Amino acid sequence: MLIRRPPDIASSEITPKELYLRRREFIGGVVAASVLGAIGVEDARAAKIDAAKSPLSTTETVTRREDATTYNNFYEFGTGKDDPGRKAHTLTTAPWSVKIDGLVNKPATYTLEDVLKSAPLEERIYRLRCVEGWSMVIPWIGFPLAAVLNRAGVQSKAKYVAFETLVRPAEMPGQSGLFQPLPWPYVEGLRLDEAMHPLTILASGMYGESLPNQNGAPLRLVVPWKYGFKSIKSIVAIRLVETQPPTTWQTSDAGEYGFFSNVNPEVDHPRWSQATERRIGEGSGLFVKRRPTLMFNGYADQVASLYAGLDLKANY
Ligand code: MTE
């Protein structure tokens, strides 16, 4: 498949001029992550974020920012790879709140600013492998999901974590229109031990700045050893539950998408092989280079023990 990409949309084209100019002034200085909450949405979107570099980062070449922000899956804005980059600027991301409830001691609706205070922000450079057979290397800015869950106080009965994306058809064109590609809200889930794993992060930024809308602003999940669709964007609710929660892609087609969705070159998708992948930005057309896909996306040393004794073919 030949993929055409539109040029990156300059922020000056999608932001009222006055805000854009203010933003330029604003990012002139160094802005600490902790002040993100004190600034408006348009400014926050472009804010530089100071974050310590995490030793959990890969040293592989980082994907160009332009590729990572114009080649996306975010079906709330359409099913085309260029739809999110072209359309997601319509989403209002401030004010934003995240409800954390279910089997926790302190159920609450947190403001985004409060969630961001859960732990220091870090830059984590992770491989992202999409189930469709492409991959990128992205410098996320985030913090362990475990920090938020521990703050809420996970009760002993909780075995899974369920996540939910915003439903707002007025600002998400993929949720209005005649063709609805998926049931809304987009929902995802992790087993509690996966959610608590130090590699699992909530990200609020990438490439040294706050997240662009098309990449899941203002807060998304990143689980680097699982196929990209587990990394749910624009999260509004996190619920601790006792039984395995439904997930969007499994609900849509359980034969093709399982709950675990661990990257596994030995377990093919029913319609295509998962043995290799195309790293976005490496060649095009006839010259596309494919590289072998690694077990658990290269994070086997850290996560394989979570699945000891589990049949990974049956539990895809
Ligand atoms: N989250 C929501 N809410 N809606 C989506 O359509 N797509 C998923 C995931 N999170 C999706 C989502 C898929 S299929 C992938 S591969 C990643 O987001 C892509 O993330 P990126 O666009 O930042 O690379």
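For reference, positions follow the sequence shown, starting with 1. Note that the structure is predicted; figures quoted are calculated from it, not measured. For ligands, and for the atoms within them, numbers begin at 1 and follow the listed sequence.
Ion pairing between Arg290 and Glu282 fails under the 4.0 Å rule for side-chain N and carboxylate O.
Checked against the 6.0 Å centroid criterion, the rings of Phe74 and Phe77 qualify as a close aromatic pair.
Ring orientation note: the planes of His269 and Trp272 are close to parallel, at an angle under 30° on the 30°/60° scale.
Contact check for Phe259 versus Pro245: side-chain heavy atoms found under the 4.5 Å cut-off.
Residue pairs meeting the ring-ring contact (aromatic ring centres under 6.0 Å, His included) criterion with at least one member in residues 197-224, sequence neighbours excluded: His197-Trp225.
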At less than 3.5 Å, what protein N or O atoms come close to the N or O atoms of ligand 1? Include the distances to 0.1 Å.
from: ligand 1; atom 1: 1 (N); to: Lys233; atom 2: N; distance (Å): 3.1
from: ligand 1; atom 1: 3 (N); to: Glu76; atom 2: OE2; distance (Å): 3.0
from: ligand 1; atom 1: 3 (N); to: Thr165; atom 2: OG1; distance (Å): 3.0
from: ligand 1; atom 1: 4 (N); to: Glu76; atom 2: OE1; distance (Å): 2.8
from: ligand 1; atom 1: 6 (O); to: Tyr75; atom 2: N; distance (Å): 2.8
from: ligand 1; atom 1: 7 (N); to: Asn73; atom 2: O; distance (Å): 3.2
from: ligand 1; atom 1: 10 (N); to: Ser231; atom 2: O; distance (Å): 2.9
from: ligand 1; atom 1: 20 (O); to: Arg220; atom 2: NH2; distance (Å): 3.3
from: ligand 1; atom 1: 20 (O); to: Lys233; atom 2: NZ; distance (Å): 3.4
from: ligand 1; atom 1: 22 (O); to: Asn72; atom 2: ND2; distance (Å): 2.8
from: ligand 1; atom 1: 22 (O); to: Lys233; atom 2: NZ; distance (Å): 2.7
from: ligand 1; atom 1: 23 (O); to: Asn215; atom 2: ND2; distance (Å): 3.0
from: ligand 1; atom 1: 23 (O); to: Arg220; atom 2: NH1; distance (Å): 2.6

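Scanning both residues, Met136 and Ala68, for their nearest heavy atoms gives SD-CA, 3.7 Å.
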